[in-house]
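Working notes, structure below.
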Amino acid sequence: MVFASGGFKVRLYDIVKEQVTAALQDIRKQMEELQKSGMLRGNLSSEEQISLISGFTELKLALEGAIFIQECVPENLELKLKIFSDIDRYVNDSAIISSSTSCLSPTKMFNGLRHVKNCIVAHPVNPPYYVPLVELVPHPQTEQVTVEKTYTLMKKIGQSPVKLMKETDGFVLNRLQYAVISEAWRLVQDGVISPRDVDTVMSEGLGMRYAFLGPLETAHLNAEGFKSYCERYGEGIRRVLATFGPVPTFSGEVAEKIDQAFWEEQTDKPDQLKTRREWRDACLSHLAKLKKETKKN
């Protein structure tokens, strides 16, 4: 949907025909609803965008003439290696091969491929239609032109790409996200605060700031520049950080406590998740629109 909103022809591939059919039907439904609500991205109508997307169950046919491939299979290294080996066999020499992985390293996925110079991680953030960040992570043998072309393409389709200069486990978004989740876990585990109130601290506090500014510029503005912030608050920050506990196991009693906190009683769980995700997406679409309008001003 994101690529089609930018006017590009898209070939959607899966080994299961029913998956492709269901995806195309869901895309049509979503685009029509987005157009009705005024939230459709791009300059084309929903019908024009839908016409750009076609489905395939044969990889070789799907890859014919492709300039950019976005792999989106589950986070299973063995599966990804098989997919990239197949893509490497059929793709032309100029096509960029990208992965949506959120944690697997480019080195593990792309080593030994004939087109390794054209390979890159382009990690989107869920849901990418409303959250524009894309982390670009090159393999050590990725050519700089591949990075620049991918960056330009992501900007063209309305995303907000960032370039990582080297590989690091978890990239950047997940390293920041896991730091927050880990401390949230420890605070619940230590009986400091409830799971729902932890989320309120983020959604009504830090999240309000971070929707427009990152942590470093937030600090910069909270003093007379970042150096001033460090001088003013550095000692307190070090003291608090020294109290952080070990890395959580993410299992057991605390996981059960947090899980239960977010289920409403006497409600069907799949329906509850669907309703809440739709609410999340609606909120994110309005925020995305606000951010776009704010940047214009």
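Numbers for residues simply follow the sequence, beginning at 1. The structure displayed is predicted, hence computed values, not measured ones.
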Side chains of [X] and [Y] in contact at under 4.5 Å (non-hydrogen atoms):
| X | Y | result |
| --- | --- | --- |
| K269 | K274 | no |
| T21 | Q25 | yes |
| L187 | E183 | yes |
| I181 | F250 | yes |
| M31 | E47 | no |
| K80 | K108 | no |
| T150 | F68 | yes |
| Y129 | Q30 | no |

Would the number of heavy atoms belonging to other residues, nucleotides or ligands and lying under 6.0 Å from [atom1] of [X] be above 12?
| X | atom1 | result |
| --- | --- | --- |
| D259 | CG | yes |
| R209 | CZ | no |
| K291 | NZ | yes |
| E253 | CD | no |

**Report entry** Donor-acceptor side-chain pairing of Q35 and S45 below 3.5 angstrom
**Finding:** no

Without swapping roles, check the side chain of [X] against the backbone of [Y] for a donor-acceptor pair under 3.5 Å.
| X | Y | value |
| --- | --- | --- |
| R28 | I50 | no |
| N118 | I97 | no |
| R11 | E64 | yes |
| D14 | V16 | yes |
| N92 | G65 | no |
| D281 | Y130 | no |
| S182 | A179 | no |

Query raised in the report: Mind checking what makes side chain to side chain donor-acceptor pair (under 3.5 Å) contact with Q159, not counting sequence neighbours?
Result: R41

Query raised in the report: Between F262 and R276, does a side chain to side chain contact (heavy atoms under 4.5 Å, CB included) hold up when you go through it step by step?
Result: CA-CA 11 Å; F262 293 99; R276 194 65 175 166; over 6 Å; no

Between [atom1] on residue [X] and [atom2] on residue [Y], distance to nearest 0.5 Å:
| X | Y | atom1 | atom2 | answer |
| --- | --- | --- | --- | --- |
| D169 | R175 | CG | CZ | 6.5 Å |
| R277 | L284 | CZ | CG | 13.5 Å |
| I69 | S98 | CD1 | OG | 7.5 Å |
| S37 | H286 | OG | NE2 | 7.5 Å |
| F171 | S105 | CZ | OG | 7.5 Å |
| L81 | L104 | CG | CG | 8.5 Å |

Requested in this report: Report the C-alpha separation of Q70 and F3 in whole Å, then their side-chain angles, then the decisive distance to 0.1 Å, and conclude whether the side chain to side chain contact (heavy atoms under 4.5 Å, CB included) test is met.
Outcome: CA-CA 10 Å; Q70 183 88 32; F3 283 107; 4.0 Å; yes

Any link between [X] and [Y] through a network of hydrophobic side chains (Ile, Leu, Val, Met, Phe, Trp, Tyr) touching at under 4.5 Å?
| X | Y | result |
| --- | --- | --- |
| L79 | M109 | yes |
| L213 | M208 | no |
| I27 | V20 | yes |
| L52 | M1 | no |
| V2 | I67 | yes |

Looking only at heavy atoms, what is the nearest atom pair of [X] and [Y], with distance?
| X | Y | result |
| --- | --- | --- |
| G6 | I157 | CA-CG2, 4.2 Å |
| Q49 | S5 | OE1-CA, 3.3 Å |
| H115 | D93 | NE2-OD1, 2.7 Å |
| L59 | Y13 | N-CE1, 3.3 Å |
| P106 | V121 | CG-CG2, 3.6 Å |
| L12 | A23 | CD2-CB, 3.6 Å |

For [X], what are the other residues in its hydrophobic cluster, where any two members join if their side-chain heavy atoms are less than 4.5 angstrom apart?
| X | result |
| --- | --- |
| V180 | M202, L206, Y210 |
| Y229 | Y233, I237, V240, L241, F244 |
| F56 | L61 |

**Report entry** Chi angles and distances behind the side-chain hydrogen bond (donor to acceptor under 3.5 Å, both in side chains) call for E71, S99
**Finding:** CA-CA 5 Å; E71 166 273 315; S99 173; 2.5 Å; yes

Could you go through residues 132-149 and list every donor-acceptor pair under 3.5 Å that involves a side-chain atom there, pairing it with any protein atom two or more places apart or in another chain?
unit_1 : atom_1 : unit_2 : atom_2 : d
E135   : OE1    : H123   : ND1    : 2.7
E135   : OE2    : V172   : N      : 2.8
E135   : OE2    : L173   : N      : 2.7
H139   : ND1    : Q141   : N      : 2.9
H139   : NE2    : N111   : OD1    : 2.7
T142   : OG1    : C119   : O      : 2.5
T142   : OG1    : H139   : N      : 2.8
T142   : OG1    : H139   : O      : 3.2
Q144   : NE2    : E148   : OE2    : 2.7
T146   : OG1    : K117   : O      : 2.8
E148   : OE1    : K163   : NZ     : 3.1
E148   : OE2    : K163   : NZ     : 3.1

Query - Side-chain ion pair, R89 and D86, N-O less than 4.0 Å - result: yes

**Report entry** Pairs flagged by side-chain hydrogen bond (donor to acceptor under 3.5 Å, both in side chains) wherever residues 212-224 is involved - sequence neighbours left out
**Finding:** none

Query raised in the report: side chain to side chain contact (heavy atoms under 4.5 Å, CB included) between E235 and R238: does it pass, once the steps are laid out?
Result: CA-CA 5 Å; E235 184 178 344; R238 290 194 301 272; 3.9 Å; yes

